[in-house]
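Taking it in order: structure first as structure tokens, then the write-up.
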Amino acid sequence: MMFTVAIDGPAAAGKGTISKAVAAHYGFAHLDTGLLYRAVGAKVLAGADPVVAAQTLQSSDLNTADLRTHDVAQVASQVAVNAAVRDALVTFQRDFARRDGGAVLDGRDIGTVICPDAPAKLFVTASAECRAARRHKELRERGDDISADQVLADVIARDKRDAERATAPMLAADDAIVIDTSDMTIAQAVAAAVAYIDVRRT
Ligand code: DC
């Protein structure tokens, strides 16, 4: 059985949490596609050429420690503007989406570019303030000593770069449902996602 769930949206909107919960609910495999760009970003920070890093990326690179840091996120967003980097990562994502047993992919362009034929598409969003507050809490808990203002400024800068780039910008697909998690609990957001996917599966 093949069934692809495409989940897009900006940073810290809750798409990772929802994706994991949806994958667990249906027994589907999950790919956080942001990790691909983060892994390329980490290699670039270490001195690699972005296109070569993307073309030679291995699954094992996704398990590298420290891909979740704030600095890596910013470089990931910068390398993600490069069309040749994006091209190099398409096949891996499409192969994952077509795996037997079902797949959930979360990112920025899954419903629009990577899996335009996915039967279930969600766009998970929240206000920039709300997302920055969540991300700040997460970073502080991880020991990152960054100010709330800096996190908000970076969230806004990253949104702008991700949404305004020429190739595969962050965008809700025309046929995606939009879930705004600003005033929702995790349980409510997951329930909304599952209710929508249940309908798409019948
Ligand atoms: O989801 P994330 O915060 O881990 O993603 C890091 C960056 O990677 C994000 O700012 C933009 C880029 N990205 C992308 O361009 N396309 C995707 N499908 C996933 C992430």
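It should be emphasised that the depicted structure is a prediction, and the values quoted were computed from it without experimental measurement.
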Between side-chain atoms of residues 46-57 and protein atoms elsewhere (two or more places apart, or another chain), which donor-acceptor pairs fall under 3.5 Å?
from, atom 1, to, atom 2, distance (Å)
D49, OD2, V51, N, 3.1
D49, OD2, V52, N, 3.0
T56, OG1, V52, O, 2.7

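- Counting only distance, with no hydrogens or angles, the side chain of Y26 and the backbone of V194 share a donor-acceptor pair below 3.5 Å.
- Side chain of R38 to backbone of A76: no donor-acceptor contact under 3.5 angstrom is found.
- Linking Ile, Leu, Val, Met, Phe, Trp and Tyr residues whenever their side-chain heavy atoms come within less than 4.5 Å leaves M2 and I7 in two separate clusters.
- Under a 3.5 Å cut-off, the side chain of T181 and the backbone N or O of M184 do not form any donor-acceptor pair.
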As a quick check of understanding, evaluate side-chain hydrogen bond (donor to acceptor under 3.5 Å, both in side chains) for D180 and T125, giving each step before the final call. CA-CA 5 Å; D180 186 324; T125 189; 5.6 Å; no

Give every donor-acceptor pair under 3.5 Å between a side-chain atom in residues 138-145 and any protein atom, sequence neighbours left out.
from, atom 1, to, atom 2, distance (Å)
E138, OE1, R135, NE, 3.1
E141, OE2, K137, NZ, 3.2
R142, NH1, R68, O, 3.1

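- No donor-acceptor distance shorter than 3.5 angstrom exists from the side chain of E164 to the backbone of R161, with no hydrogens or angles considered.
- Looking at residues two or more places apart in sequence or on another chain, you find no side-chain hydrogen bond (donor to acceptor under 3.5 Å, both in side chains) involving E129.
- Listed by chain and number, the residues in a side chain to side chain contact (heavy atoms under 4.5 Å, CB included) with R200 are F3, A120, Y196 (sequence neighbours excluded).
- Annotation: ring-ring contact (aromatic ring centres under 6.0 Å, His included) contacts of F96 (sequence neighbours excluded): none.
- Between the side chain of D8 and the backbone N or O of G111 there is at least one donor-acceptor pair closer than 3.5 Å.
- Hydrophobic clustering places L67 together with F92 (ILVMFWY residues linked when any side-chain heavy atoms are closer than 4.5 Å, directly or through intermediates).
- One finds the OG atom of S147 at 8.5 Å from the CG atom of D154 (value rounded to the nearest 0.5 Å).
- A heavy-atom distance below 4.5 Å is not found between the side chains of S127 and R131.
- The minimum heavy-atom distance linking K121 with D175 is given by the pair NZ-OD1, 3.1 Å.
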Let me have the donor-acceptor pairs involving side chains of residues 10-25, under 3.5 Å, with sequence neighbours excluded, atom names and distances please.
from, atom 1, to, atom 2, distance (Å)
K15, NZ, G9, O, 3.3
K15, NZ, P10, O, 3.4
S19, OG, K15, O, 2.5

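- Without hydrogens or angle criteria, T4 side chain to A103 main chain gives no donor-acceptor distance under 3.5 Å.
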